[in-house]
Amino acid sequence: MKVEIQIDENCGEPRLIVVTRQITDEIQTLIQSLSNTPAAYLAGFQEDELVLLQPREIIRIYAQEKKTIAEAEKGRFIVRLSLQEVQARLSPGDFVRISHSEIINLSKVNHFDLSFSGTICVTLTNGAQTYVSRRYVSKIKQTCGI
């Protein structure tokens with residue numbers, strides 16, 4: 001794919017034009033990634049109460065007993081989305097998947113413990129400890145620059 005950028009001092013709002021013979025998987029992925037802006041809020045339920053959670057308040061999100069749980073500074077909330085849907089709504093620079101069933105907020109990580117052979121123990125700011133599964137270790141190392 002060729003990328004061309006034109007600088008025009010008279011341009012008001014930036015615009016993107018894709019010229020293609022047909023819509024391919026690569027073009028579809030590009031369109032999807034450009035249109036996915038991080039969500040401003042995530043709806044969390046606690047009993048019969050709906051609470052709008054700001055992403056910066058969320059410590060981690062995990063799947064447990066066929067439910068998606070968001071653990072935030074305010075407590076634990078049930079999110080009525082799949083983990084994959086939640087991940088698509090959150091900023092990939094701030095949130096990272098550490099296992100098949102868990103996503104963490106990187107700004108809520110206290111420290112990573114690399115002393116375990118092959119795995120990484122993550123201690124979060126609320127004191128919770130979780131582990132990076134072997135499948136995601138290389139991604140975590142790449143994200144953190146290790």
Derivation and outcome, side-chain contact (heavy atoms from CB on, under 4.5 Å), residues I69 and I78
CA-CA 5 Å; I69 311 291; I78 294 174; 4.1 Å; yes

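- If you take OG1 on T68 and CD1 on I103, they are separated by 8.5 Å, rounding to the nearest 0.5 Å.
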Stepwise side-chain contact (heavy atoms from CB on, under 4.5 Å) test for T123 and D113
CA-CA 8 Å; T123 302; D113 185 354; 5.9 Å; no

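- Taking all atoms of both residues into account, the shortest heavy-atom contact from S99 to S133 is CA-OG, 3.7 Å.
- I59 and V132 fall within a single hydrophobic cluster, where Ile, Leu, Val, Met, Phe, Trp and Tyr side chains are chained together by heavy-atom contacts under 4.5 Å.
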For the pair Y131 and C121, evaluate side-chain contact (heavy atoms from CB on, under 4.5 Å) and give the outcome as yes or no after the intermediate values.
CA-CA 5 Å; Y131 293 88; C121 179; 3.5 Å; yes

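- Under a 3.5 Å cut-off, the side chain of Q129 and the backbone N or O of L124 do not form any donor-acceptor pair.
- Put simply, CD on Q64 and CG on L83 are 12.0 Å apart, with the number rounded to the nearest 0.5 Å.
- Residues L114 and L106 share a hydrophobic cluster, clusters being chains of Ile/Leu/Val/Met/Phe/Trp/Tyr side chains in contact below 4.5 Å.
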Show me the donor-acceptor pairs within less than 3.5 Å that the side chains of residues 135-143 make with the rest of the protein, sequence neighbours left out.
unit_1: T143; atom_1: OG1; unit_2: K139; atom_2: O; d: 2.8

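- With rounding to the nearest 0.5 Å, the separation of CD1 in I61 from CG in L42 is 6.0 Å.
- Taking 4.5 Å as the limit, every side-chain heavy atom of I58 sits out of range of all side-chain heavy atoms of E71.
- Contact detail for A72 and L53: the closest heavy-atom pair is CB-CD2, 4.2 Å.
- For the residue pair N105 and R56, the shortest heavy atom distance occurs at ND2-O, 3.9 Å.
- A donor-acceptor pair is defined here as one N or O able to donate and one able to accept, closer than 3.5 Å; such a pair exists between the side chain of E57 and the backbone of Q54.
- Interatomic distance, K67 NZ to F77 CZ, rounded to the nearest 0.5 Å: 15.0 Å.
- For residues 90-110, the salt bridge (Lys or Arg N to Asp or Glu O under 4.0 Å) pairs, not counting sequence neighbours, are R60-E102, E73-K108.
- Taking 4.5 Å as the limit, every side-chain heavy atom of F95 sits out of range of all side-chain heavy atoms of R89.
- Note that CD1 of I120 and CZ of F112 are 7.0 Å apart. Values are rounded to the nearest 0.5 Å.
- For H111, the NE2 atom sits in a packed shell: over 12 heavy atoms of surrounding residues, nucleotides or ligands are nearer than 6.0 Å.
- The CD atom of E26 lies 9.0 Å from the OG1 atom of T20; values are rounded to the nearest 0.5 Å.
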